[in-house]
4 protein chains.
Amino acid sequence: MPKLTQNRVERRRRQLLDAAAACFSSKGIHGATVPDISQRAQVSVGTLYRHFGSKERLIIAIAERICRQDALIVERLLAVARPFDQRGALDSIVLERLEDFVSAKEARLRIELWAEAPLHPALRAVLRQGLENIIDKVEEALRAENGQNGTTATDARKVIGLVQGAILYRALGVS
Amino acid sequence: MPKLTQNRVERRRRQLLDAAAACFSSKGIHGATVPDISQRAQVSVGTLYRHFGSKERLIIAIAERICRQDALIVERLLAVARPFDQRGALDSIVLERLEDFVSAKEARLRIELWAEAPLHPALRAVLRQGLENIIDKVEEALRAENGQNGTTATDARKVIGLVQGAILYRALGVS
Amino acid sequence: MPKLTQNRVERRRRQLLDAAAACFSSKGIHGATVPDISQRAQVSVGTLYRHFGSKERLIIAIAERICRQDALIVERLLAVARPFDQRGALDSIVLERLEDFVSAKEARLRIELWAEAPLHPALRAVLRQGLENIIDKVEEALRAENGQNGTTATDARKVIGLVQGAILYRALGVS
Amino acid sequence: MPKLTQNRVERRRRQLLDAAAACFSSKGIHGATVPDISQRAQVSVGTLYRHFGSKERLIIAIAERICRQDALIVERLLAVARPFDQRGALDSIVLERLEDFVSAKEARLRIELWAEAPLHPALRAVLRQGLENIIDKVEEALRAENGQNGTTATDARKVIGLVQGAILYRALGVS
DNA sequence: CATGAATGAGTGTTCATTCAT
DNA sequence: GATGAATGAACACTCATTCAT
């Protein structure tokens, strides 16, 4: 079956990425073996390697996808929270509604990636970029709502810090 | 040679914990091998096993120590921040001063533990306990400062979420 | 499209043999993968398998070609060396002129085949046959030149041993 | 059983080297797996790695040992051949008596190393050095016997080339 | 008590070969 | 006939743990 169509390639990659995300979040990045992942994706290890080349590149591909998803999640959170009628309103929304947007498994996966990042420069670059991206998004939203007065870059970082804290709570199972 | 004095045992444990913390934060929990740690502690692997029994128990001991340290850090942060003269003052202090209390290496180690926790119930219990402990501390402080009016458990979780976000920023190297 | 002409088949085989010889001598028989070879021959792996059936049969085909080439090389060496005006003249010619006939890459390839031979009876048979063939050629030439007096089978083997030694020197880069 | 004595280390290394030499010559360097070797040496793979660090380093250690053995073999051959009463006498001795000094298995192992050398600079360096060493030995012997007249470096290389040819004959099973 | 050599199950990765298209 | 994606057994190597000394 030579000459895989663009379409089939996309499907295979998604299959593999889904399987990897599931395995990484249930067993951890180190606990999930390559055979675990390929089996879950109903594919041979050789096929996994044809598409991603190494476990590390698979991890990076997961991180890129996560970053894209996070951008969407933040947009939806901001939409839900608007108008930010008073200081702190956005903060509360984050704490109260985040779990509608990020499941415990997804929370777990993000923490895995954060832990892995310091050891892998390429991964760190991806995650940092993703983080800066959503910080920008929040900052922009804050400025649009509040006008120029009083909104600083720090406010946006506060909000995202809150999101991260909430993710951690989910992963640790803090009520 | 008489039985090891209580004192010597303590010193050995501290040596090993220091070495483990250093190795875990520089190479990651999975990247740091038991020989790495024992070598750094100037001790044989056998001795490490005599004192901690397994790598996992060593990790848990590290987590317990981290939790104790975090309680102190939070107390110091609160002391610095008081009086919380206006809403959000504590938040700003956290973002601006945290790095005086938690080095990048220490930040890194915490993330490692968070990532490991979901796989190891005993570790998770320790970290959850530690987290609830500092949340309580913050809540108490907020209540003491602000009186009963308007202070909720959520406010404390917000502050801690902020701390965690800041830790992550440090580990990812976001400016 | 009609059946492949005899001609086209020959060209394909030659293409593949050239590619295989190049890959084997630069990466070693074990280091050269089937995709390496087919890519170098500008052909798909499937096509390689259609023509040779297995990597082992490809190796044997290479060996057969090498044996044919070696017969020619020996003939040319003998032609250059004649008349063998004195004992040892042929030896000297071999040592001094061999590199005009066998490049370093070709030397390398022969050694690869020698190393592989003991594991593969079919390959060993081919190489042994080729070796006996050139020994005969040399013996014949010696007899023709020197008359019956003093020429033994051992003399021929000496000469070929010299050739092999020279091949090895080339491969090891001994000046 | 800490602090292996020098003696035990030597024994272990010899055990492993013997096993590796046996496996390499019977299955080829590529066909012999690390478990094959460690099993033959009655040792775990971990122990093999403790002593040699990698399969490649084990191969190099084998090569070093072979070079030492070859120096001895050449000395013995020269002793047997002396006095070199006439031109070519040494050559004949090499062809006729080599098999008393180098078994077929040992011949096979040398060819494996020669084939491997071009891919591994460190190995090549060892073998080249060993080769130059025995060339020097032969040259010296020739000079001592024949006086200064007529003996050239080329003569020594001729003799060694002969040895190598004879080794190849043994490995290919040429009568 | 301390040591560190030994263990071997388990890891990420490769590659000759097949066969659906 | 040609293709190259898919396969999975096999490989070199690691490392938490044990235990003879």
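What you see below is based on every heavy atom in this structure, not just the backbone, and it leaves out hydrogens, waters and symmetry mates. Chain letters run A, B, ... following the sequence lines, proteins first and then strands; every chain starts at 1.
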Side chains of D:L58 and D:L17: closer than 4.5 Å at any heavy-atom pair? yes
5'-most contact on DNA chain F: B:A32 or C:Q42, nearest heavy atom basis? C:Q42
Could you check whether any side-chain heavy atom of B:Q69 comes within less than 4.5 Å of a side-chain heavy atom of B:R110, counting everything from C-beta outward? yes
Atom-pair distance (CD on D:Q39; P on F:dC11), nearest Å: 12 Å
Could you tell me whether the side chains of D:H30 and D:E112 share a donor-acceptor contact shorter than 3.5 Å? no
May I have the distance from B:L48 (atom CG) to E:dG4 (atom P), rounded to whole angstrom? 13 Å
Please determine if a side-chain N or O atom of D:R50 lies less than 4.0 Å away from the OP1 or OP2 oxygen of F:dC15. no
Picking from E:dG4, E:dA16, F:dA5, the nucleotide nearest the side-chain atoms of C:V45 would be F:dA5
For C:V34, which contact category applies under a 4.0 Å heavy-atom criterion: base, sugar-phosphate, or nothing? base
What's C:S38 touching, base or sugar-phosphate or nothing? Going by heavy atoms closer than 4.0 Å. nothing
Name the closest nucleotide to the D:T47 side chain, picking from F:dA16, E:dA6, E:dG8. E:dA6
Of the listed E:dT17, F:dA6, F:dA12, the closest approach to the C:Y49 side chain comes from E:dT17
Side chain of C:S44 only, please: which of F:dG8, F:dA2, E:dA16 is the nearest? F:dA2
Distance, P atom - from E:dC1 to F:dT21, rounded to whole angstrom: 22 Å
Whole-Å distance, A:R12 CZ to F:dT7 C1', equals 11 Å
It should be established whether A:H51 places a side-chain nitrogen or oxygen under 4.0 Å from OP1 or OP2 of nucleotide F:dA6. yes
Separation of atom CG in B:D36 from atom C1' in F:dT14, rounded to whole Å: 12 Å
Figure out the NZ/P separation between A:K55 and E:dT14, and round it to whole Å. 15 Å
Mate of F:dA20 where both pairing distances stay under 3.5 Å, Watson-Crick or G-U: E:dT3
Taking CD in A:Q39 as the centre, count heavy atoms belonging to other residues, nucleotides or ligands within less than 6.0 Å. Is the count above 12? no
